[in-house]
Amino acid sequence: MGHGGDVIDELTTDHREVADFFGQFHQTPPGSHDRKRLLDQLTVELVRHSVAEEQHLYPAVREHLPNGGKIADKELADHAQVEQMLKELEGMEPRDPAFDPAVRALQREVIAHIHDEESTLFVRMRRDCGEDVLWDLGERVRTAKKTSPTRPHPRMPSTPPANRLVDPGMGMVDRARDLLTGRGR
């Protein structure tokens, strides 16, 4: 959940973990319960990552980057799309004929978002943000991931201050549900 380093190192490591989950997913037999388990783990990581970015990274993008508001709005729209896809997948089973195509569509969306962040946003942040800002954001992101929700909630607020108030409570509810159901293990 927390890797260390500045915000770019932290989020890039998350990106590699997400790509690894997709790889593991495609190595398991179609229709198997392992696919659902891997999708649940992937969902937990994607939601935690997204919530942390929404709480801390995108406000910093607005503050520190030229045209930061426009950039942050685009990233938030990407997150909303992925969260809706995750919500739809949450109700599917691996034997559902729409399950594998929906996961492939999710993967395309997530990988495009990762590529965009790493090739454009992170480069601009390295250029326009001070090292101290990037390190502070890394700590904030790691802290946010510890209390963030683990399930998609497309109707929840995605910008501060509302998300910083609501997300920890939803995170507690989600983690309790995960504990009771064994989800995400």
Side-chain angles (χ1 to χ4, degrees), residues 1-3 7 10-11 13-26 28 30-59 72-73 75-114 117 140-185:
M1 185 182 332
H3 312 291
V7 69
E10 180 72 22
L11 296 175
T13 301
D14 286 354
H15 291 168
R16 296 302 155 269
E17 289 177 350
V18 165
D20 185 54
F21 275 120
F22 279 120
Q24 290 177 51
F25 177 89
H26 293 299
T28 61
S32 74
H33 179 70
D34 285 340
R35 282 197 165 194
K36 183 66 170 177
R37 180 186 53 77
L38 286 165
L39 179 65
D40 286 345
Q41 291 174 323
L42 172 67
T43 299
V44 167
E45 293 310 313
L46 281 172
V47 170
R48 285 179 177 160
H49 176 91
S50 295
V51 165
E53 285 185 336
E54 291 165 4
Q55 286 183 2
H56 301 289
L57 179 69
Y58 300 145
D73 289 345
E75 299 297 328
L76 287 167
D78 289 352
H79 279 208
Q81 175 68 24
V82 167
E83 193 163 18
Q84 187 59 47
M85 296 169 93
L86 288 170
K87 190 66 177 173
E88 290 168 11
L89 276 161
E90 189 176 48
M92 291 184 193
E93 290 299 322
R95 295 189 190 281
D96 185 325
F99 185 79
D100 284 353
V103 172
R104 284 192 298 274
L106 173 69
Q107 183 176 7
R108 282 191 302 274
E109 189 73 25
V110 168
I111 296 302
H113 179 75
I114 287 171
E117 277 190 346
R140 290 175 186 230
V141 162
R142 279 185 287 283
T143 299
K145 287 193 292 185
K146 291 175 186 174
T147 61
S148 69
T150 61
R151 295 170 183 259
H153 299 282
R155 292 193 172 99
M156 299 294 291
S158 60
T159 56
N163 65 343
R164 289 185 187 164
L165 297 172
V166 174
D167 288 340
M170 285 306 303
M172 187 168 50
V173 170
D174 285 353
R175 284 188 303 284
R177 286 177 64 198
D178 293 345
L179 183 64
L180 291 171
T181 63
R183 179 182 174 269
R185 293 186 199 156

A.B. asks: Under the side chain to side chain contact (heavy atoms under 4.5 Å, CB included) rule, collect the residues that match up with D20, sequence neighbours excluded.
C.D. replies: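 Per chain and number, D20 pairs via side chain to side chain contact (heavy atoms under 4.5 Å, CB included) with Q24.
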A.B. asks: Evaluate the side chain to side chain donor-acceptor pair (under 3.5 Å) criterion for residues E17 and H49: first the C-alpha distance (whole Å), next the side-chain angles of each, then the deciding distance (0.1 Å), finally the verdict.
C.D. replies: CA-CA 11 Å; E17 289 177 350; H49 176 91; over 6 Å; no
A.B. asks: Sort and list the pairs that fulfil salt bridge (charged side-chain N to carboxylate O under 4.0 Å, His left out) and have at least one residue in residues 85-99, not counting sequence neighbours.
C.D. replies: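 Those involving residues 85-99 are K87-E90, E90-R151.
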A.B. asks: How close do V47 and P149 get, counting heavy atoms only, and between which atoms?
C.D. replies: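 Distance-wise, the nearest heavy atoms are CG1-O, 3.2 Å.
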A.B. asks: Let me see the working for T43 and F21 under side chain to side chain contact (heavy atoms under 4.5 Å, CB included), right down to the final yes or no.
C.D. replies: CA-CA 10 Å; T43 299; F21 275 120; over 6 Å; no
A.B. asks: Roughly how far, to the nearest 0.5 Å, is CG of L106 from CD1 of I111?
C.D. replies: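 Atom-to-atom, I111:CD1 and L106:CG are 9.0 Å apart.
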A.B. asks: Side chains of D14 and K145: does their closest heavy-atom pair fall under 4.5 Å?
C.D. replies: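 Yes; the side chains approach each other to less than 4.5 Å.
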A.B. asks: Going by side chain to side chain contact (heavy atoms under 4.5 Å, CB included), name the residues that satisfy it together with S50, two or more places apart in sequence or in a different chain.
C.D. replies: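 Testing S50 for side chain to side chain contact (heavy atoms under 4.5 Å, CB included), a comparison that skips the adjacent residues, returns E54, H79.
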A.B. asks: Kindly indicate whether the side chain of Q41, heavy atoms from C-beta on, has any atom under 4.5 Å from the side chain of E45.
C.D. replies: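 No, their side chains stay 4.5 Å or more apart.
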A.B. asks: Would you say K36's side chain and M92's backbone share a donor-acceptor pair under 3.5 angstrom?
C.D. replies: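 Present.
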A.B. asks: When rounded to the nearest 0.5 angstrom, what is the spacing between CG in L46 and OG1 in T150?
C.D. replies: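 L46 atom CG to T150 atom OG1 measures 12.0 Å (nearest 0.5 Å).
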A.B. asks: Using the test side chain to side chain donor-acceptor pair (under 3.5 Å), find all partners of D34 that sit at least two apart in sequence or belong to another chain.
C.D. replies: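 By the side chain to side chain donor-acceptor pair (under 3.5 Å) rule, D34 matches no residue at all.
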A.B. asks: Check ring pair (Phe, Tyr, Trp, His ring centres under 6.0 Å) between H153 and all other residues, then give those that pass, not counting sequence neighbours.
C.D. replies: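 With neighbours one apart ignored, the set is empty.
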A.B. asks: To the nearest 0.5 Å, how far apart are CG in L76 and CD in E83?
C.D. replies: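 The CD atom of E83 is 11.0 Å from CG of L76, to the nearest 0.5 Å.
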A.B. asks: So how far is it from L86 CG to L42 CG, rounded to the nearest 0.5 Å?
C.D. replies: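 The distance works out to 7.0 Å.
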A.B. asks: Would you check if F99 and R35 make a side-chain contact, meaning some heavy-atom pair closer than 4.5 Å?
C.D. replies: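 With C-beta onward as the side chain, the pair touches.
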A.B. asks: Tell me, please, which residues at least two apart from A105 pass side chain to side chain contact (heavy atoms under 4.5 Å, CB included).
C.D. replies: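 A105: side chain to side chain contact (heavy atoms under 4.5 Å, CB included) contacts with M85, R108.
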A.B. asks: In terms of side-chain heavy atoms, does Q107 have a donor or acceptor partner in H26 at a distance below 3.5 Å?
C.D. replies: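 Looking only at side-chain atoms, H26 and Q107 do form a donor-acceptor pair, the distance falling under 3.5 Å.
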A.B. asks: Between H113 and E109, do the side chains contain an N or O donor and an N or O acceptor separated by less than 3.5 Å?
C.D. replies: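 Their side chains do not contain a donor-acceptor pair, so the 3.5 Å distance test is not met.
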A.B. asks: Can you measure from CD (E53) to CD (E10) and round to the nearest 0.5 angstrom?
C.D. replies: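 The CD atom of E53 sits 10.5 Å away from the CD atom of E10.
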